[in-house]
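Below is one structure, written out as structure tokens, with a few remarks after it.
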Amino acid sequence: MPTPGFATGRRALLTGAPALALAASPAWSQQANTLLNVSYDPTRELYREYNPIFTAQWRAQHGQSLRVNTSHGGSGRQARSVIDGLQADVLTLALAYDIDAVAERGFLARDWMSRLPHNSAPYTSTIVFLVRRGNPKAVRDWGDLLKPDIRIITPNPKTSGGARWNYLAFWAWALRQPGGDAAAAERATAQLFRQVPVLDTGARGSLTTFAQRGQGDVFLSWENEAHLALQEFAAAGLEIIYPSFSILAEPSVAVVDQNVDRRGTRAAAEAYLRGLYTPEGQALVAKHYYRPRDPAVLAAHAARFPAMELVTVDGAFGGWAEAQRVHFNDGGIFDRITAPAR
Amino acid sequence: MMGPFRPAHEDAPWARRLLLGLALLVALVMLLLPLLAVFTEALRRGLPVALDAILEEDSLAAMRLTLIVAAITVPVNLVGGVAAAWCVAKFDFPGKRLLVTLIELPFSVSPVIAGLVFVLIFGAQGWFGEWLRARDIQIIFALPGLVLATVFVTFPFVARTVLPLMQEQGRDEEEAAATLGATGFQTFWRVTLPNVKWALLSGVLLCNARAMGEFGAVSVVSGHIRGETNTMPLHVEILYNEYQFAGAFAVAALLALLGLVTLAAKTALERVAGRRAGGAA
Amino acid sequence: MRGPARVVAIPGFGLTMGITLAWLGLIVVIPLAALVIKPWELGVGGVIASLSEPRVWAALRLSFGTALLAALINLPLGLLLAWVIVRLRFPGRALLDGAVDLPFALPTAVAGIALTAIFAPNGWLGAPITALTGWQVAFTPAGIVLALMFVGLPFIVRTVEPVLRDMGRDAEEAAATLGATRPQTLWRVVLPALAPALLTGFALSFARSVGEYGSVIFIAGNLPMVSEIAPLLIVIRLEQFDYAGAAAVGLAMLTLSFGVLFLLNLVQRWLRRGRR
């Protein structure tokens with residue numbers, strides 16, 4: 001037979017082409033009248049309530065209907081997705097370091113933090129303890145965590161922003177103890193993680209392990225997650241313990257310059273973030289147990305936010321870049337304390 | 001040989017009962033219990049809650065996306081798998097063993113790696129990142145990326161189910177058809193296809209079941225945008241992470257049902273095929 | 001006709017080869033080439049340093065160890081199920097036959113959540129197991145083995161089943177006629193005949209489960225050095241924006257599983273040759 005094989009071979013390649021063309025149709029998921037908010041795990045409920053409020057306001061002011069999409073996940077994973085090309089208009093992540101990582105690759109100005117009030121963190125939170133009802137193991141403060149019969153649940157600091165706050169809060173506490181220096185803090189933190197039986201990748205999975213699967217005695221939790229857990233896992237019988245001291249967690253927000261300029265969504269994206277600072281926004285934030293920045297709103301909700309002494313990452317660790325490098329990067333202290341075989 | 005006594009090549013009744021009991025125990029613990037857990041959890045808060053979770057807007061979007069992904073994945077792997085099987089079974093050429101190895105390779109590649117490779121190629125920091133961005137083409141975190149990862153993971157199913165059968169059947173019939181002047185397409189359609197159609201169908205159904213249920217690979221390339229780039233398995237994870245356990249398991253149960261229907265179809269097909277083959281023999 | 005000049009009357013070589021190469025190239029070869037190339041951005045020393053971390057070793061050992069163990073446990077279980085499905089007649093046989101494919105139907109993440117719920121210390125089976133033996137299944141390496149067994153079991157059943165069906169009983173009858181006891185027949189006649197299929201099933205079960213992610217992360221416990229699987233390490237490295245490091249672990253996994261499968265292939269050939 002002469003060369004029919006080759007001829008039909010080409011035809012076959014052509015018939016395959018439409019499928020690929022269909023699959024590669026440009027930007028099918030994102031239109032100009034949508035905003036994409038890429039956020040971390042515990043903000044789901046907050047932004048689910050904020051989005052319709054914002055879009056209604058936007059429609060009233062600009063006569064333009066807008067749809068806000070959200071994506072949630074571990075803070076690090078979310079930053080990585082944006083770096084890999086996820087078309088986020090705004091980032092609302094667990095810590096400044098993750099937004100810095102995105103900025104480092106040119107997606108937004110390096111000085112993003114100074115563009116909005118309060119270090120671009122419209123709300124703060126802190127780390128508290130969640131224990132089983134009646135606090136059977138009598139856990140009152142960080143020191144109690146090191147009692148030999150206590151099992152602690154926290155997510156993995158390598159993958160979870162919240163877990164990094166947990167780790168740093170404990171470290172800062174250890175430094176303050178009599179004779180507390182870096183070596184002592186490292187020993188104490190190593191001891192702490194020896195008493196962790198399960199390390200989930202994210203805060204949400206971790207809480208499920210604690211509340212639903214009955215693992216551990218104490219769950220190191222975002223303050224807002226702890227309150228949510230009281231509602232969601234009412235049957236599990238949990239209660240919140242406020243330690244004497246904790247860390248000031250500043251979940252940061254930023255507009256992704258490169259994406260909003262390309263998509264023509266800058267105005268909406270900036271309004272979306274500024275809205276979080278308005279009294280209404282702050283009240284909503286407080287409703288979801290994030291600590292509002294607005295002193296008036298905070299005062300109005302004083303009952304749900306017990307005063308605690310809070311250290312900052314800048315103050316105790318010299319900023320996130322430094323904390324990340326020393327503690328969480330490959331070969332850092334966290335790797336060191338988990339390295340010896342248990 | 002089938003006398004009133006038990007032939008020496010058969011197992012004693014007690015042994016059969018023991019084997020049967022053990023097999024049922026294994027099937028119960030290893031296979032049925034997880035399924036049972038899914039349905040129990042789904043219905044824990046009643047059927048209406050479960051139905052609400054399934055009929056919610058984002059769940060429907062996830063369902064649509066899963067079906068679209070499967071609808072593109074299966075034909076791509078069907079055409080590729082059949083072509084490869086034909087090529088390997090009906091012709092001799094150097095490098096055949098390598099080709100077969102490459103076809104089976106995706107089986108042993110972690111789904112996470114399957115997602116990672118497409119990030120390395122099409123991600124903004126990847127080989128074609130700049131080029132794609134300049135042209136405003138989104139592959140990762142959009143449908144094309146989900147399809148690519150799913151095609152990769154389900155790659156060998158069709159080829160693997162069809163190839164052994166084609167090899168077993170040899171080349172005589174096709175050679176005869178060709179001698180009689182049939183074109184390649186006619187030969188395939190009239191001679192080869194009827195011989196392998198049942199295996200082909202079961203391969204397609206397996207590929208489909210796996211395509212709908214894939215989690216690890218699509219999780220890396222999805223971007224997890226609610227209602228936009230979440231497939232059903234990813235939507236299950238999202239609901240689960242929102243502590244909507246009943247809803248998560250309801251969607252999971254629906255997904256499992258889709259898979260079960262697919263498998264039931266496959267089993268039924270094999271039954272029919274077995275009967276035909278039995279009748280012909 | 002392109003390709004080697006063998007006289008074959010069947011047309012379509014160019015067509016099918018064209019499709020095959022395009023399909024294989026676009027979906028498998030180019031993407032995996034990216035995986036093979038990426039790690040070397042770190043330089044040879046960098047790759048070695050990145051892979052010689054104790055955590056990487058522990059994760060690779062865990063992933064391959066649990067996958068091999070799961071496949072090993074699945075061998076007798078899979079053989080049992082295949083045997084019962086092919087050789088015994090009982091009500092509900094079709095149901096059992098269908099149930100074998102369940103792990104294909106259940107999305108891996110769902111399977112992971114379900115298994116965790118069942119085997120957690122407060123779960124349906126986890127509670128009695130812990131109460132009776134003091135052992136814990138979920139959140140330990142035992143949980144990983146369990147999840148991998150679930151994922152890999154159908155592969156063994158489905159490779160052994162057709163061979164068992166085809167085998168017929170002639171050889172067994174002959175052995176019995178020659179005076180072999182039933183255990184002798186099973187050990188000397190049936191098992192050797194099934195060995196290649198068992199080995200293939202073992203290889204498939206291993207290959208499928210060594211890289212498994214979705215069903216494992218929920219039940220594993222994910223403790224570094226103890227219950228952290230290699231695919232999770234890839235994800236962790238990705239989240240630290242360490243693409244090359246992630247690809248290095250991926251490449252190591254790929255090379256290792258290739259090595260294991262190659263060895264199994266050699267054994268397979270040796271078995272086949274031995275039987276002839």
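Chain letters run A, B, ... following the sequence lines, proteins first, then strands; residues in each count from 1. As the structure is a prediction and not an experimental result, all values here were calculated from the model.
- No other option in C/Leu106, C/Val28, C/Thr108 has as many heavy-atom pairs under 4.5 Å with chain B as C/Val28.
- Using a 4.5 Å cut-off between heavy atoms, B/Leu116 touches chain C through its side chain atoms alone.
- Two residues are said to be in side-chain contact when any heavy atoms from C-beta on lie closer than 4.5 Å; C/Pro103 and B/Leu31 meet this criterion.
- Only the side chain of C/Leu238 comes within less than 4.5 Å of a heavy atom of chain B; its backbone N, CA, C and O stay farther away.
- Neither the backbone nor the side chain of C/Val260 comes within contact range of chain B; no heavy atom of the residue lies under 4.5 Å from a heavy atom of that chain.
- With a 4.5 Å cut-off on side-chain heavy atoms, C/Met17 and B/Phe93 count as touching.
- For B/Leu105, the part sitting under 4.5 Å from any heavy atom of chain C is the side chain, from C-beta outward, and nothing else.
- Of the two parts of C/Ala34, the backbone and the side chain both hold a non-hydrogen atom closer than 4.5 Å to a non-hydrogen atom of chain B.
- Looking at B/Val236, the atoms closer than 4.5 Å to chain C (heavy atoms on both sides) all sit in the side chain, from C-beta outward.
- With a threshold of 4.5 angstrom between heavy atoms, C/Leu251 does not approach chain B through any atom at all.
- B/Val79 has its side chain out of reach of C/Trp23: every pair of non-hydrogen atoms, C-beta onward, lies at least 4.5 Å apart.
- For C/Ala99, the parts sitting under 4.5 Å from any heavy atom of chain B are the backbone and the side chain alike.
- Proximity to chain C (any heavy atom under 4.5 Å) is shown, for B/Val251, by neither the backbone nor the side chain.
- Heavy atoms closer than 4.5 Å to chain C are found nowhere in B/Phe122, neither backbone nor side chain.
- Between B/Thr101 and C/Phe258, some side-chain heavy-atom pair lies under the 4.5 Å cut-off.
- Of the listed residues (C/Phe206, C/Phe104, C/Phe218), the one with the most heavy-atom contacts under 4.5 Å to chain B is C/Phe104.
- Between chain C and the residues B/Val29, B/Val38, B/Leu102, the largest count of heavy-atom pairs under 4.5 Å involves B/Leu102.
- With a 4.5 Å cut-off on non-hydrogen atoms, B/Leu206 touches chain C through its side chain but not through its backbone.
- Aromatic pair C/Phe13/B/Trp86: centroids not less than 6.0 angstrom apart.
- Residues B/Val88 and C/Thr20 fail the side-chain proximity criterion, which asks for heavy atoms closer than 4.5 Å.
- A heavy-atom distance below 4.5 Å is found between the side chains of B/Ile121 and C/Pro31.
- Proximity to chain B is limited to the side chain of C/Leu153, based on heavy atoms less than 4.5 angstrom apart.
- In this structure, chain C has heavy atoms under 4.5 Å from both the backbone and the side chain of B/Leu260.
- Residue pairs meeting the ring pair (Phe, Tyr, Trp, His ring centres under 6.0 Å) criterion with at least one partner in residues 100-121 of chain B, sequence neighbours excluded, are B/Phe107-B/Phe157, B/Phe107-C/Phe155.
- Residue B/Met30 holds its CE atom at 9.0 Å from CD1 of C/Ile73, rounded to the nearest 0.5 Å.
- Side-chain contact between C/Leu32 and B/Phe152 is present, with heavy atoms from C-beta onward closer than 4.5 Å.
- In this structure, B/Tyr240 OH and C/Ile113 CD1 are separated by 5.0 Å, a value rounded to the nearest 0.5 Å.
- With a 4.5 angstrom heavy-atom cutoff, C/Leu204 touches chain B only via side-chain atoms.
- Using a 4.5 Å cut-off between heavy atoms, B/Ile113 contacts chain C through its side chain alone, with no backbone atom that close.
- The candidate with the highest count of non-hydrogen atom pairs below 4.5 Å against chain B, out of C/Val84, C/Leu24, C/Leu81, is C/Leu24.
- With respect to chain B, the highest number of heavy-atom pairs below 4.5 Å among C/Tyr243, C/Tyr213, C/Trp124 belongs to C/Trp124.
- Side-chain contact between B/Phe188 and C/Leu15: absent, with no pair of heavy atoms (C-beta onward) separated by less than 4.5 Å.
- Ranked by non-hydrogen atom pairs under 4.5 Å with chain C, the options B/Gly126, B/Ala264, B/Gly81, B/Ala256 are led by B/Gly81.
- Options C/Ala175, C/Ala207, C/Ala246 differ in how many heavy-atom pairs under 4.5 Å they form with chain B, and the most are formed by C/Ala207.
- Neither the backbone nor the side chain of B/Phe185 comes within contact range of chain C; no heavy atoms are under 4.5 Å apart.
- In this structure, chain B has a heavy atom under 4.5 Å from the side chain of C/Ile118, while its backbone stays farther away.
- For C/Val151, the side-chain contact (heavy atoms from CB on, under 4.5 Å) criterion is met by C/Arg208, C/Glu212, C/Ser215, not counting sequence neighbours.
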Next item on the list: Check the pair B/Ser108, C/Leu261 against side-chain contact (heavy atoms from CB on, under 4.5 Å), reporting the backbone distance first and the verdict last.
Entry: CA-CA 9 Å; B/Ser108 50; C/Leu261 293 177; 3.8 Å; yes
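- Heavy atoms closer than 4.5 Å to chain C are found in the side chain of B/Arg160, but not in its backbone.
- With a threshold of 4.5 angstrom between heavy atoms, B/Pro106 approaches chain C through side-chain atoms but not through N, CA, C or O.
- Chain B forms more heavy-atom pairs under 4.5 Å with one residue of C/Ser209, C/Pro231, C/Ala230, C/Pro154 than with any other, namely C/Pro231.
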